[in-house]
Each structure stands twice: as structure tokens, then as C-alpha cells.
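Each remark here refers to the structure printed beneath this line.
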Amino acid sequence: MNLSRRGFLGFTAALAPIHQLATREAPEPRPRRAGTMYLGTYGPGVGIATYDVDGRITATGTIADVPNPSFVIRSGNLLYAVNEQDAGAVTAIDISGTPKVLNRQPTKGSGPCHLAKIGNQLVTANYGSGDVSVHPINADGSLGQPTELVKHEGSAPHAHQIVQAGEYVLAVDLGTDSIYSYTLAGGKLALKHQAKLATGAGPRHLVYHPSGKHAYVADELNSTVTICGYDAGVFTVLKSIPVASGKNYPGEIVISADGRFVYVTNRGHNSVSIFRTVRGGAELELVGIPGCGGDWPRHCAFDPAGRLLFVANQKSNNVATFLVDQTTGGLTQTSDFGTPSPVCVAGW
């Protein structure tokens, strides 16, 4: 959060002796530091950086001994990271002071790529094995042993994202072209509904409209966004629209806090597609496709105020910062930060 201060000079100050005014110290400059971010990578640790009010990023360190933390989330003074390896695991990190790894637990699946904290449990999508794991979170933030492993049925399941939707846990699976809705109780998942998208779409990630009545799914394999109706754990596919031309693989999808604009990163086209929501969120209109500021934009995230969009470009080893026009939805690049293999931006 960025707070500016305004000085106030009363009438009596105008009557102060000239020598007092001459020796008065100049007002302090406006604070520049805006927040801290954590960078998921394919490497041996989580990157730490700060950014200022204009989105300029400065590296400040690394949390070591966290292998392949390709997706990271923050919850208060804790970080949780996947360890995207054949023998999949998740790592808990205390960031209340000097960052410290609390512990690591196996997911019992392979290639974990996404996770979400849901109450006092951590739910993980295992891409390689196509299943979903559940871990209890202990009082100190560390992780207990897994209590659940649910396998998605199909020829090549690839669980890719976990999202909480009220009382439901959603798992997006690229390989089965499905969105699964579960309830979670006592560390166990129970299937409520499976929504099938177009065959070969390859759903990767989804976001909700603030109304809660619609969701938008970035389809990695056919380069579309699928618009769905949503009600109490049940998805209804409405339509799919193209994201970008040519050989392209959508990476991340996010929505502005007011629900007016949806943004999709395009790996291949190397751009960010900007859509306006219309008809209460039931439709999307393309309003622009600016460049992503690099190569292979895998992930993106807004700062807490929604003023800045950070885009992690995996192949060009940089995070590009864009100023968001909150009236038009447009993006203007303001800075560029070099860092090895950035695949996730988290914080704040």
C-alpha cells in the first residue's frame, strides 16, 4: 500500500522569522518503496525483490533450498511453494523475519505446478500425475503429511490449477479438458461436478467475474478463452473466443478488481490480450494486444492497488512492469527487471 503525505503550513508559519524559515529542513521525499514480491523460478530457490511506486524492481535476496518453486503464494507471514519435480513436494517458508524454510512434504504426485491455501489446508495440483493433493497446515505454518490424493480419470490427466470458490475447491485439468468441483472436509475431497470444455482446448487457469456468475478459462492448447456460467459449483460452457493469432499458448489469466477487464498472457505471440467484459460478464470484447516486454510470458499479477501489472517472461529472463489504465484497461510498460527464469510473481 502506498501512502503519500501532505504537509500543511498554517498562517502562523508565515509570520516566523526569516532565519527560522531559512534553517528549516526540507520536507522528506515521498516514500518510494511500495512492496515486496517473491519470484517463482525453475532453479534452487525463491527470489525476493522490492518494487517502488512506479513498478521498478530491485532484487534483495533468495530463499535457498527450495527446488523448482515454479508457483508460490503468500499468506501473511508464510510462503508456500510447489517443488515441480518428478517426486513432487510442497515447501512451507516463514517470512516473518529472515526467511526460513519450515519443512517440506511430498505430494505423492509428480510435477506439482499450482496450489491454494483453503482454510487450514493446502491443496496442490500435480501436473505430471494428473491428481490433487491435500496437506494440513499446522499452527506454526508448517505442513503435515498428505491426507488426500485424488486422481483425475482420463487418458492423459494434467491437473493445472487449484481455486477456491466459496465452499468449493476447483481443479482445472488441461489433459481431461475439464474443471472439477470438489467439497473439502476433514482433509478429504468429494467430487460434486465435472464440467467438460471443448476437446483439445487444454484449460490451464481460470478467473471469476466479481459477480460470481461467470468464469473465464485460459485454454492453453487451442489459444482461446472459454466463457462459463457458474452457480454453486456447476459450470456451464457458454462460448470460446480466440486470444491471439499464430502458434500461441495462453499462460495466465487475471481480472481487474472491478471486473471490467480480463488479461491473458500469450506465450508464442509474446503479448497480453486485453478484453472488456460486457453484458454483466457474459461476453468478452478484445480491446488490445500489447507486447509483453519479453519472451514467453508465463505468469502475471497485479499489485494490490491494481495500478501495476507484473509479467514474468520465462525465456527472456525478465519481469516487465506495466502501468494499468484503469479507465481503458490499457497497458504502458514502465520498467524491466532481469532475473533468471521467472515463472511466477507473488507477494505482497
Side-chain angles (χ1 to χ4, degrees), residues 1-2 34-35 37 51 53-55 116 161 163-166 170 172 179 197 203-220 223-232 235-245 248 250-267 269-293 297-312 319-335 344-348:
M1 182 173 64
N2 178 35
M37 65 170 57
Y51 63 94
V53 293
D54 298 315
Q161 186 194 32
V163 180
Q164 183 175 9
L170 310 178
V172 181
I179 305 170
L197 277 63
R204 179 182 173 93
H205 285 182
L206 68 78
V207 290
Y208 279 98
H209 190 273
S211 68
K213 297 179 180 179
H214 296 96
Y216 312 105
V217 186
D219 301 316
E220 177 174 340
S223 191
T224 65
V225 170
T226 297
I227 304 168
C228 297
Y230 178 78
D231 182 38
F235 288 86
T236 303
V237 174
L238 300 179
K239 65 184 300 186
S240 294
I241 59 175
V243 173
S245 61
N248 182 63
E252 184 60 283
I253 183 167
V254 295
I255 189 168
S256 59
D258 60 10
R260 295 179 61 208
F261 300 101
V262 172
Y263 300 81
V264 182
T265 63
N266 294 310
R267 298 170 299 168
H269 196 267
N270 285 340
S271 61
V272 180
S273 295
I274 307 170
F275 295 92
R276 178 186 295 109
T277 61
V278 295
R279 293 187 56 237
E283 293 188 7
L284 296 176
E285 292 181 348
L286 183 66
V287 296
I289 314 182
C292 66
R298 174 163 169 148
H299 188 253
C300 67
F302 290 111
D303 78 319
R307 290 183 58 254
L308 303 170
L309 183 69
F310 300 103
V311 178
V319 177
T321 304
F322 294 85
L323 181 65
V324 180
D325 187 318
Q326 294 174 315
T327 300
T328 68
L331 300 176
T332 302
Q333 186 171 350
T334 61
S335 71
C344 176
V345 181
W348 303 101

**Study point:** CA sep, side-chain torsions, deciding dist, call: Ile179, Leu197, side-chain contact (heavy atoms from CB on, under 4.5 Å)
**Key:** CA-CA 8 Å; Ile179 305 170; Leu197 277 63; 4.0 Å; yes
Exercise for review: Determine, step by step, whether Val262 and Thr277 satisfy the side-chain contact (heavy atoms from CB on, under 4.5 Å) criterion, reporting the C-alpha distance in whole Å, the side-chain angles of both residues, the deciding distance to 0.1 Å, and the verdict.
Suggested key: CA-CA 7 Å; Val262 172; Thr277 61; 3.9 Å; yes
Practice item. Please step through side-chain contact (heavy atoms from CB on, under 4.5 Å) for the pair Thr334 and Asp54, ending with a clear verdict. Key: CA-CA 7 Å; Thr334 61; Asp54 298 315; 5.6 Å; no
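In terms of the side-chain contact (heavy atoms from CB on, under 4.5 Å) criterion, residue partners of Glu283 (sequence neighbours excluded) are, by chain and number, Val278, Arg279. Residues satisfying the side chain to side chain donor-acceptor pair (under 3.5 Å) criterion with Arg204, sequence neighbours excluded, are His160, Glu220. By the side chain to side chain donor-acceptor pair (under 3.5 Å) test, Asp231 pairs with no residue at all, sequence neighbours left out. Here Glu285 pairs with nothing under the side chain to side chain donor-acceptor pair (under 3.5 Å) rule; sequence neighbours left out. Evaluation of the side-chain contact (heavy atoms from CB on, under 4.5 Å) rule for Ile241 yields Val225, Lys239, Phe275, Leu284 as partners, not counting sequence neighbours. Residues satisfying the ring pair (Phe, Tyr, Trp, His ring centres under 6.0 Å) test with Phe310, not counting sequence neighbours, are Tyr51, Trp348. With sequence neighbours excluded, no residue forms a ring pair (Phe, Tyr, Trp, His ring centres under 6.0 Å) with His214. By the side-chain contact (heavy atoms from CB on, under 4.5 Å) test, Thr224 pairs with Asp219, Asn222, Thr226, Ser240, sequence neighbours left out. Applying the side chain to side chain donor-acceptor pair (under 3.5 Å) criterion to Thr321, with sequence neighbours excluded, gives Ser335. Every residue meeting the ring pair (Phe, Tyr, Trp, His ring centres under 6.0 Å) condition with Tyr230, not counting sequence neighbours, appears here in chain and number order: Tyr208, Phe235. Remark: Val324 pairs with Tyr263, Phe302, Leu309, Gln326, Leu331 by the side-chain contact (heavy atoms from CB on, under 4.5 Å) rule, at least two apart or across chains.
A pairwise comparison of heavy atoms in Ala312 and Cys344 identifies CB-N, 4.2 Å as the closest pair.
Note: His205 NE2 to Glu252 CD = 5.5 Å, rounded to the nearest 0.5 Å. Atom SG of Cys228 and atom NE2 of His209 lie 14.5 Å apart (nearest 0.5 Å).
Two residues are said to be in side-chain contact when any heavy atoms from C-beta on lie closer than 4.5 Å; Thr265 and Cys292 fail this criterion. Contact check for Val287 versus Thr328: no side-chain heavy atoms found under the 4.5 Å cut-off. Residues Pro297 and Asn270 form a side-chain contact, since some pair of their non-hydrogen atoms from C-beta on lies under 4.5 Å apart.
Tyr216 pairs with exactly one of Val254, Ile255, Leu206 by the side chain to side chain contact (heavy atoms under 4.5 Å, CB included) rule, that one being Ile255.
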